[in-house]
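Proteins get letters first, then strands, A, B, ... in listed order; numbering begins at 1 in each. Predicted model only: the values in this text are computed from it and were never measured.
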Amino acid sequence: MLGPLWLTPIAKDPSSVDLEKVANIIVDQSLQDCVFSKEAGRICYTIIQAESKQVGQSVFRRSLLNRLQQEYKDREELRSRSLQAWICYVTFICNIFDYLRVNNMPMMALVNPVYDCLFRLAQPDSLRKEEEVDCLVLQLHRIGEQLERMNSQRMDELFSLLRDGFLLQEGLSSLSQLLLLEIIEFRAADWKMTDAAQKYYYSEVTD
Amino acid sequence: MSFRQRSPHGGGTSSSPQPPPRWSQGRKRGADGKRRKQNGTDLSVFDENEHRPSDSRLDSFTTPEGPGPLSRCSDWGTAVEEDEMRTSVNKEIARYRRKLLINEFSRERKSSSGSSDSKESTVTVELETDEVVLMRRQKQINYGKNTIAYDRYIKEVPRCHRIPGVHPRTPNKFKKYSRRSWDQQIKLWKVALHSWDPPTEEGCDLQEISPVDLGEMETESIGSNSTESQTSSQDNDDTYSGTPTKVRHVDYQAEGEFDLEACLSEPLKDFNTVS
């Protein structure tokens, strides 16, 4: 199994640990460490599978989701308290949405909350911050296509905001503009990287 | 009982929707049970939009893109669990239908080969397909299966060794039963499962309501056990409220041995090192 070393004893015997506590620790860590929050989805997936197969319960998943929901409710406050923690949170919840499935379907309950977070990132005050724009486009790259399948109307609305942001927003850095343009093109190409886009955005400039 | 307020479907052309003919016409009593005046000046619910009963919220609602009715719960943990149950139930019913079809097919083959005694009729049986009902039944089954007794039962008696009429059998949620009949089946099933309850310890709070001496039951044969528990067990309130008795007891070691926080404070190593 892939994962950090401490995952192994948990996955081997889920009933030997307090899973609610583990869930909380993982969320806490995700809010502090963006690198961790990118991988946390996979870790959670492993634990959920292990608990389901060995104990037949879903204590971990339930605790995880409810804690996630708590943070979601207070997200505005989280953002004012710490921009970095807010970004980590969005990364985390999108990661969870990406990895955790319910009978091979994405979790319906998370669709609107995830959208809400992305909409928040598309607000003028967030667009002025490079780190938030970066977070936004990264998440859209990873889960945009899935999200659109679950609710295309909201995706249309989101991109309306992004287009407006790109064209009209003051205080947008050049990098932010680039990121927004790239994601707009990416979606227009049906969430695929075209050769032309690859060349333009990602290739080394050769003189 | 929630009061469902319908929005009037008017002709579509008028600016304000036309209320349907007053339901109060011809009614002797109003909604509050008091007798009406016959001059018909009492209000129809459609006249005043503010006149909403206090609890007119529907118990469930559907969203356009959703897979089906969502119950009005606001926590993600429960929502996902219900989601999971719904999709599982849908898969199960497909599988059950296939099984019935195959059984019917093989039975028809046998009868066509000459044997004339087919006990069951070949008319297709109507199945329970109402999602709300299926989910409720599944929950009740889950409560019964999420017990130590059930665990011990399936370990002790594999399905191939089960004796019908002696060993408890999970009620089939896809068959059509009345609510009473179903609830009764569940009750009897759970009572029968109590035969496999672990021996109780002294001072344990999860004492069986049944006066049957569990210590003795362990040594007696299974046949007499189940009949005893059925006749002597009292009505468990649990059956209806859904609270499981003797839930699986999950032990966990105190924080001492495994310090997760310390592990997390170390930098995240390369993910693929552990195989």
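- Summarising the geometry, atom CG belonging to B/Asp83 is positioned 8.5 Å from atom CE belonging to A/Met107; distances are rounded to the nearest 0.5 Å.
- Using a 4.5 Å heavy-atom threshold, the side chains of A/Arg62 and B/Asp75 count as touching.
- Between A/Gln57 and B/Asn146, some side-chain heavy-atom pair lies under the 4.5 Å cut-off.
- For B/Arg162, the CZ atom counts as densely surrounded, since its 6.0 Å shell holds more than 12 non-hydrogen atoms of other residues, nucleotides or ligands.
- Heavy-atom contacts from other residues, nucleotides or ligands closer than 6.0 Å to OH of A/Tyr115 number more than 12.
- Interatomic distance, A/Leu110 CG to B/Trp76 CH2, rounded to the nearest 0.5 Å: 5.5 Å.
- By the 6.0 Å contact criterion, OH on A/Tyr201 is enclosed, its count of non-hydrogen atoms from other residues, nucleotides or ligands being greater than 12.
- Heavy atoms of other residues, nucleotides or ligands lying less than 6.0 angstrom from CG of A/Asp125 number more than 12.
- For the atom pair CG (A/Leu65) and CD (B/Glu81), the distance works out to 9.0 Å, reported to the nearest 0.5 Å.
- A 6.0 Å sphere centred on CD of A/Glu20 holds no more than 12 heavy atoms belonging to other residues, nucleotides or ligands.
- The local environment of CD in A/Gln153 is sparse, with at most 12 non-hydrogen atoms from other residues, nucleotides or ligands closer than 6.0 Å.
- The backbone N or O of B/Gly77 sits nowhere less than 3.5 Å from a side-chain atom of A/Gln69 that would complete a donor-acceptor pair.
- One finds a salt bridge joining B/Glu84 and A/Arg61 here, because a Lys/Arg side-chain nitrogen approaches an Asp/Glu carboxylate oxygen to under 4.0 Å.
- Residues A/Met108 and B/Arg86 have side chains not in contact (no heavy-atom distance under 4.5 Å, counting atoms from C-beta outward).
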